[in-house]
Chemist: 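The structure under discussion is supplied below as structure tokens; questions concerning it will follow.
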There are 2 protein chains.
Amino acid sequence: MRPELQILEQYVAENGLKRTRQRTLIAAQFLESGGHLSAEDLYAALNAAGHRVGLATVYRTLKMLVDAGLAQVRHFPDGATRYECVYGEPAHDHLICVECHCIIEIENPFLDQLYQHAFAAHGFVASGHRLVITGICSNCQAGAASN
Amino acid sequence: MRPELQILEQYVAENGLKRTRQRTLIAAQFLESGGHLSAEDLYAALNAAGHRVGLATVYRTLKMLVDAGLAQVRHFPDGATRYECVYGEPAHDHLICVECHCIIEIENPFLDQLYQHAFAAHGFVASGHRLVITGICSNCQAGAASN
DNA sequence: ATCACTGCAAAGTCTTTGCAACGAC
DNA sequence: GTCGTTGCAAAGACTTTGCAGTGAT
């Protein structure tokens with residue numbers, strides 16, 4: 001079993017919650033897909049797979065995953081809200097292609113310097129961040145050449 | 001007159017639009033406040049100042065300002081949508097204090113390197129970005145010490 | 001048996017749109 | 001006078017909540 005699911009079971013147990021079919025399904029699907037999903041996406045994926053769950057339950061479960069420290073909410077520049085896996089993941093940022101809307105994860109080697117800069121310039125003690133870079137992915141550059 | 005308002009007039013003229021009381025009011029208030037306002041904020045500010053405008057008009061005008069290149073939409077991590085002045089502004093990023101929710105603008109000296117890194121690592125040609133750093137501002141650090 | 005969970009539908013928020021009256025040109 | 005604009009209210013997208021029935025322990 002995925003270590004994330006164990007964490008979830010522990011969270012459920014410790015909080016007097018219950019281990020239900022829906023929660024397991026939603027969590028499994030979410031983890032499986034690697035995050036970057038909206039509630040609607042998850043709902044569609046589950047129902048397409050023949051698993052009947054209500055949209056409200058998806059929302060509720062995602063919120064629970066956030067509380068359990070397994071997921072995080074992300075508001076993307078297009079205004080969409082997506083959830084992302086955070087368990088054991090190194091902090092990372094996102095490249096978003098304006099052509100195909102794909103999302104690429106990227107590590108930011110300048111983070112520490114950036115945080116230090118924020119402190120040096122404004123006395124701001126950084127604890128987290130969110131970076132999205134928009135542009136054209138390598139695929140779409142290739143595609144554009146042949147269009 | 002603010003150069004931004006001239007740009008707006010030019011945009012309006014060039015597109016067969018009309019120069020109305022509401023547009024001028026909304027744009028003036030928006031520019032005055034330096035951006036970082038939600039539509040609702042602007043609406044409230046205008047009505048508090050005794051200027052009667054409809055909320056829908058605020059939304060419509062903000063959209064127009066974006067088209068005119070004077071404003072940009074920002075989706076902040078708390079899920080709020082705010083508009084920001086962009087005319088003649090150097091590209092900048094944001095520090096957001098999790099205590100007092102103040103927003104500090106900051107320049108990012110690592111941008112070029114970051115863009116180059118995105119290209120080197122993923123062949124991604126960056127055209128823009130959005131960075132928000134969360135943490136505690138200097139004021140709140142001081143405040144926390146005395147609480 | 002208890003008490004949390006689910007699904008649905010209703011209610012909320014935020015934003016956009018339709019429409020008749022209005023105002024700029 | 002024409003045609004874009006406004007304000008309102010209705011409609012939409014997305015998310016949350018109330019409630020009665022269901023299911024885990």
Side-chain angles (χ1 to χ4, degrees), chain A residues 5 8-30 36-47 49-68 71-84, chain B residues 5 8-30 36-47 49-68 71-84:
Chain A
L5 284 180
L8 181 58
E9 300 228 334
Q10 187 182 337
Y11 177 84
V12 161
E14 284 175 356
N15 292 77
L17 307 177
K18 287 171 182 171
R19 193 181 149 292
T20 67
R21 181 182 62 88
Q22 288 87 338
R23 282 182 181 163
T24 308
L25 280 171
I26 294 170
Q29 177 78 42
F30 175 68
H36 296 138
L37 287 168
S38 68
E40 199 80 35
D41 291 339
L42 251 184
Y43 173 70
L46 286 164
N47 281 305
H51 299 122
R52 302 192 56 266
V53 282
L55 180 52
T57 304
V58 174
Y59 275 105
R60 284 187 280 231
T61 303
L62 282 170
K63 189 160 283 184
M64 194 188 69
L65 291 175
V66 171
D67 288 342
Q72 227 169 319
V73 203
R74 302 290 197 191
H75 298 276
F76 282 81
D78 60 358
T81 303
R82 295 199 189 79
Y83 292 79
E84 178 167 23
Chain B
L5 284 180
L8 182 57
E9 300 227 332
Q10 187 182 337
Y11 178 85
V12 162
E14 284 176 355
N15 292 77
L17 307 176
K18 286 169 185 173
R19 193 181 149 292
T20 66
R21 182 183 62 87
Q22 288 87 337
R23 282 181 180 163
T24 308
L25 279 172
I26 295 169
Q29 176 79 42
F30 175 68
H36 295 140
L37 287 169
S38 67
E40 199 80 34
D41 291 339
L42 251 183
Y43 173 70
L46 285 164
N47 281 304
H51 298 121
R52 302 192 55 266
V53 283
L55 180 54
T57 304
V58 174
Y59 275 105
R60 284 186 281 231
T61 303
L62 282 171
K63 190 161 284 185
M64 195 188 69
L65 291 176
V66 171
D67 288 342
Q72 228 167 318
V73 204
R74 302 290 197 193
H75 298 277
F76 282 81
D78 61 358
T81 302
R82 296 199 189 79
Y83 291 78
E84 178 167 21

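When reading the values below, keep in mind they use all heavy atoms of this one structure, side chains included, and skip hydrogens, waters and symmetry mates. Letters A, B, ... mirror the listed sequences (proteins, then strands); counts begin at 1.
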Chemist: Report which part of the nucleic acid A:Arg60 touches: base, sugar-phosphate, or nothing (heavy-atom distance under 4.0 Å, all strands).
Modeler: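 The answer is base, as A:Arg60 lies within the cut-off (heavy atoms under 4.0 Å) of a base atom.
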Chemist: Any side-chain heavy atom of B:Leu8 within less than 4.5 Å of one from B:Met64?
Modeler: yes
Chemist: Does any N or O in the side chain of A:Thr57 come within less than 3.5 Å of the main-chain N or O of A:Val53, such that one atom is a donor and the other an acceptor?
Modeler: no
Chemist: Report which part of the nucleic acid B:Ser38 touches: base, sugar-phosphate, or nothing (heavy-atom distance under 4.0 Å, all strands).
Modeler: nothing
Chemist: Looking at DNA chain C, which of residues 21-28 of chain B put a heavy atom within less than 4.0 Å of it?
Modeler: none
Chemist: OH of B:Tyr43 versus P of C:dT13: gap in Å, rounded?
Modeler: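 Rounded to the whole Å, the gap is 16 Å.
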Chemist: Rounded to the Å, how far apart are B:Tyr83 OH and C:dC14 P?
Modeler: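 Rounded to whole Å, this separation is 13 Å.
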Chemist: Using a cut-off of strictly less than 4.0 Å, decide whether A:Tyr59 has a side-chain nitrogen or oxygen near OP1 or OP2 of D:dT15.
Modeler: yes
Chemist: Can you tell me if B:Asp41 uses its side chain to pair, donor with acceptor, with the backbone of B:Ser38 under 3.5 Å?
Modeler: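 Indeed, once roles are kept as given, a pair shorter than 3.5 Å links the two residues.
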Chemist: Is any side-chain heavy atom of B:Arg74 closer than 4.5 Å to a side-chain heavy atom of B:Thr81?
Modeler: no
Chemist: Please state whether the phosphate of C:dC8, meaning OP1 or OP2, lies under 4.0 angstrom from any side-chain nitrogen or oxygen of A:Arg52.
Modeler: yes
Chemist: I need the CG-C1' distance between B:Asp67 and D:dG4, as an integer number of Å.
Modeler: 16 Å
Chemist: Nearest to the side chain of B:Lys18, heavy atoms from C-beta on, is which of C:dT16, C:dC25, D:dC8?
Modeler: C:dC25
Chemist: For B:Arg23 and B:Lys18, indicate whether the former's side chain and the latter's backbone hold a donor-acceptor pair under 3.5 Å.
Modeler: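 Flag set: sc B:Arg23 to bb B:Lys18 pair under 3.5 Å.
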Chemist: In terms of side-chain heavy atoms of B:Thr57, which of D:dG4, D:dT6, D:dC14 is nearest?
Modeler: D:dT6
Chemist: More 5' along DNA chain C: A:Leu17 or A:Ala56, using each one's nearest nucleotide?
Modeler: A:Leu17
Chemist: Atom CG of B:Leu55 and atom P of D:dA11: how far apart are they, to the nearest Å?
Modeler: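 Atom CG in B:Leu55 sits about 18 Å away from atom P in D:dA11.
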Chemist: Starting at atom CD of B:Glu14, determine the distance to atom C1' of D:dG4, rounded to an integer number of angstrom.
Modeler: 17 Å
Chemist: Write down the distance between CE (A:Met64) and C1' (D:dT17), rounded to a whole number of angstrom.
Modeler: 18 Å
Chemist: Just how far, in rounded Å, is P of D:dC3 from CG of B:Asn15?
Modeler: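 Rounded to whole Å, this separation is 18 Å.
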Chemist: Looking at C:dA24, I'd like to know if its phosphate oxygens (OP1 or OP2) sit under 4.0 Å from a side-chain N or O belonging to B:Thr20.
Modeler: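 So the side chain of B:Thr20 is outside the cut-off, no N or O lying under 4.0 Å from OP1 or OP2 of C:dA24.
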Chemist: Using atom types as modelled and distance alone, determine if a side-chain donor or acceptor of B:Asp78 lies under 3.5 Å from a backbone N or O of B:Ala80.
Modeler: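 Flag set: sc B:Asp78 to bb B:Ala80 pair under 3.5 Å.
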Chemist: With a distance cut-off below 6.0 Å to the six-membered ring centre and an angular limit of 45° from the axis, does B:Arg82 pair with B:Phe76 as a cation-pi contact?
Modeler: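 Yes, B:Arg82 lies over the aromatic ring of B:Phe76.
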Chemist: Specify the separation, in whole Å, of atom CG of A:Leu62 and atom P of C:dT6.
Modeler: 12 Å
